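Have a look at the structure below, then the notes.
All chains are named by letter (A, B, ...) in the order of the sequence lines, taking the proteins before the strands, and each is independently numbered beginning at 1. It should be emphasised that the depicted structure is a prediction, and the values quoted were computed from it without experimental measurement.
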2 protein chains.
Amino acid sequence: MNETIACAICSEACCTLDIDGESQERLVRMFKALGSPVRFEIMKFLVTHPGCITGDIVEYLPVAQATVSQHLKVLREAGWVAGTTDGPARCYCPDSENIAWFREIVGEIL
Amino acid sequence: MNETIACAICSEACCTLDIDGESQERLVRMFKALGSPVRFEIMKFLVTHPGCITGDIVEYLPVAQATVSQHLKVLREAGWVAGTTDGPARCYCPDSENIAWFREIVGEIL
DNA sequence: TCCTTTCATCGTAATTTTACGATAAAGAGT
DNA sequence: ACTCTTTATCGTAAAATTACGATGAAAGGA
């Protein structure tokens with residue numbers, strides 16, 4: 001679905017956006033991850049409290065611990081946040097590299 | 001959930017991101033809308049073929065017409081695209097104003 | 001007026017997501 | 001070894017999303 005195609009507008013082979021499948025998947029995953037009110041709220045909290053632990057988020061949000069953990073996993077796998085182990089706890093931070101990548105590619109494409 | 005709160009990190013009233021509820025809802029809706037492979041593909045097509053009609057997208061994608069129409073509605077309501085009527089057909093374009101807004105606020109917040 | 005074209009909407013089945021309690025795992029301290 | 005703290009994972013019920021065919025609505029031409 002990512003190669004050059006013909007369409008009714010051009011009536012000949014024509015352009016498509018220059019993004020490889022892997023990057024696109026990654027990008028869509030990032031969009032999807034922040035397309036949830038709860039996860040967006042978590043992200044907001046992490047931006048203003050970088051390095052905080054999961055428990056802080058659980059305290060802050062009216063959401064069960066298991067749910068927060070699940071959402072953090074989604075944000076991690078999407079690349080929005082990165083977690084480092086600190087004893088039994090886990091510190092989370094916005095993943096600035098991936099965030100920069102997101103902004104960059106969004107700027108190119110949209 | 002958007003006012004100043006106290007948290008375990010600061011142990012006193014502390015900051016939260018400066019975004020009002022309405023903008024946040026709008027932003028989350030935009031994220032969510034592009035967090036779907038099919039909708040992302042539609043958006044890509046619209047960027048490279050601004051002004052095309054629904055039927056062109058239906059031809060391009062291996063998806064039923066009803067489904068495309070539904071996805072276009074989501075993209076419209078999120079503000080990614082704008083549609084203008086042209087006879088029985090409907091022309092769609094990327095909504096550059098809202099896209100600019102998205103980029104701007106993402107740059108501020110993340 | 002009657003077609004034709006184009007698109008949106010309705011109803012619905014299948015899939016995915018979300019949220020929760022319960023439980024497991026992993027590290028630090030005693 | 002035992003316990004406490006912290007987080008992840010499992011199982012599951014409820015809700016939301018997705019995709020489709022069928023139908024309806026709106027505009028233009030014969």
Side-chain angles (χ1 to χ4, degrees), chain A residues 1 7-9 11 25 28-43 45-46 49-78 80-93 95, chain B residues 1 7-9 11 25 28-46 49-93 95:
Chain A
M1 198 188 272
C7 75
I9 303 280
S11 67
E25 261 186 58
V28 170
R29 212 179 315 131
M30 289 190 86
F31 270 109
K32 185 171 185 176
L34 276 197
S36 142
V38 174
R39 283 195 292 268
F40 190 86
E41 210 64 55
I42 291 178
M43 194 62 197
F45 188 80
L46 253 63
H49 305 84
C52 76
I53 66 176
T54 309
D56 296 327
I57 303 171
V58 174
E59 260 185 62
Y60 173 55
L61 292 177
V63 171
Q65 179 268 323
T67 308
V68 170
S69 189
Q70 206 174 326
H71 281 308
L72 279 171
K73 186 181 184 184
V74 174
L75 287 172
R76 246 185 297 132
E77 288 175 347
W80 284 111
V81 307
T84 62
T85 287
D86 172 32
R90 182 155 311 193
C91 302
Y92 279 104
C93 273
D95 187 330
Chain B
M1 199 187 270
C7 73
I9 303 280
S11 67
E25 262 186 57
V28 171
R29 213 178 314 130
M30 290 190 85
F31 270 109
K32 186 172 185 176
L34 277 197
S36 141
V38 175
R39 283 195 292 268
F40 191 86
E41 212 63 55
I42 291 177
M43 194 63 197
K44 266 174 60 183
F45 187 79
L46 254 62
H49 305 84
C52 76
I53 66 175
T54 308
D56 297 328
I57 303 171
V58 174
E59 260 185 61
Y60 173 57
L61 292 177
V63 171
Q65 179 267 322
T67 307
V68 170
S69 189
Q70 206 173 327
H71 281 308
L72 279 170
K73 186 180 184 184
V74 174
L75 288 171
R76 246 186 295 129
E77 289 175 346
W80 284 110
V81 308
T84 63
T85 287
D86 171 33
R90 182 155 311 194
C91 302
Y92 280 103
C93 274
D95 187 329

**Request:** Report the distance from atom CZ of Arg39(B) to atom P of dT18(D), rounded to the nearest whole Å.
**Result:** 4 Å
**Item:** Intermediate values then yes/no, side chain to side chain contact (heavy atoms under 4.5 Å, CB included), Ile57(A) and Cys52(A)
**Value:** CA-CA 8 Å; Ile57(A) 303 171; Cys52(A) 76; 4.1 Å; yes
**Request:** Between dA19(D), dG21(D), dA8(D), spot the one nearest the side chain of Ala64(B), thanks.
**Result:** dG21(D)
**Item:** Ile53(A) CD1 to dT7(D) C1', straight-line distance once rounded to whole Å
**Value:** 10 Å
**Item:** Length of the line joining Leu72(A):CG and dT17(C):P, which is rounded to integer Å
**Value:** 17 Å
**Message:** Less than 4.0 angstrom between a side-chain N/O of Tyr92(B) and OP1 or OP2 of dT6(C), yes or no?
**Reply:** no
**Asked** Atom CD of Gln70(A) and atom C1' of dA8(D): how far apart are they, to the nearest Å?
**Response** 10 Å
**Prompt:** From the list dC20(C), dA19(C), dA22(D), which nucleotide is the closest neighbour of the side chain of Ala66(B)?
**Reply:** dA22(D)
**Asked** Is any side-chain N or O of Thr67(B) closer than 4.0 Å to OP1 or OP2 of dA19(D)?
**Response** no
**Complete:** Between CD1 of Ile42(B) and P of dC7(C) the distance, given in whole Å, is 13 Å
**Prompt:** Are any of Lys32(B)'s side-chain N or O atoms less than 4.0 Å away from OP1 or OP2 of dT17(D)?
**Reply:** yes
**Request:** Evaluate the side-chain proximity of Thr54(A) to Val68(A): yes if any heavy-atom separation is below 4.5 Å, no if none is.
**Result:** yes
**Contact nearer the 5' end of DNA chain C, comparing Ser69(B) with Val63(A)** = Ser69(B)
**Prompt:** Per the atom types in the model, does the base of dA8(D) pair as donor or acceptor with the side chain of Gln65(A) at under 3.5 Å?
**Reply:** yes
**Prompt:** Quick one: does Lys32(A)'s side chain get under 4.5 Å of Ser36(B)'s, heavy atoms only?
**Reply:** no
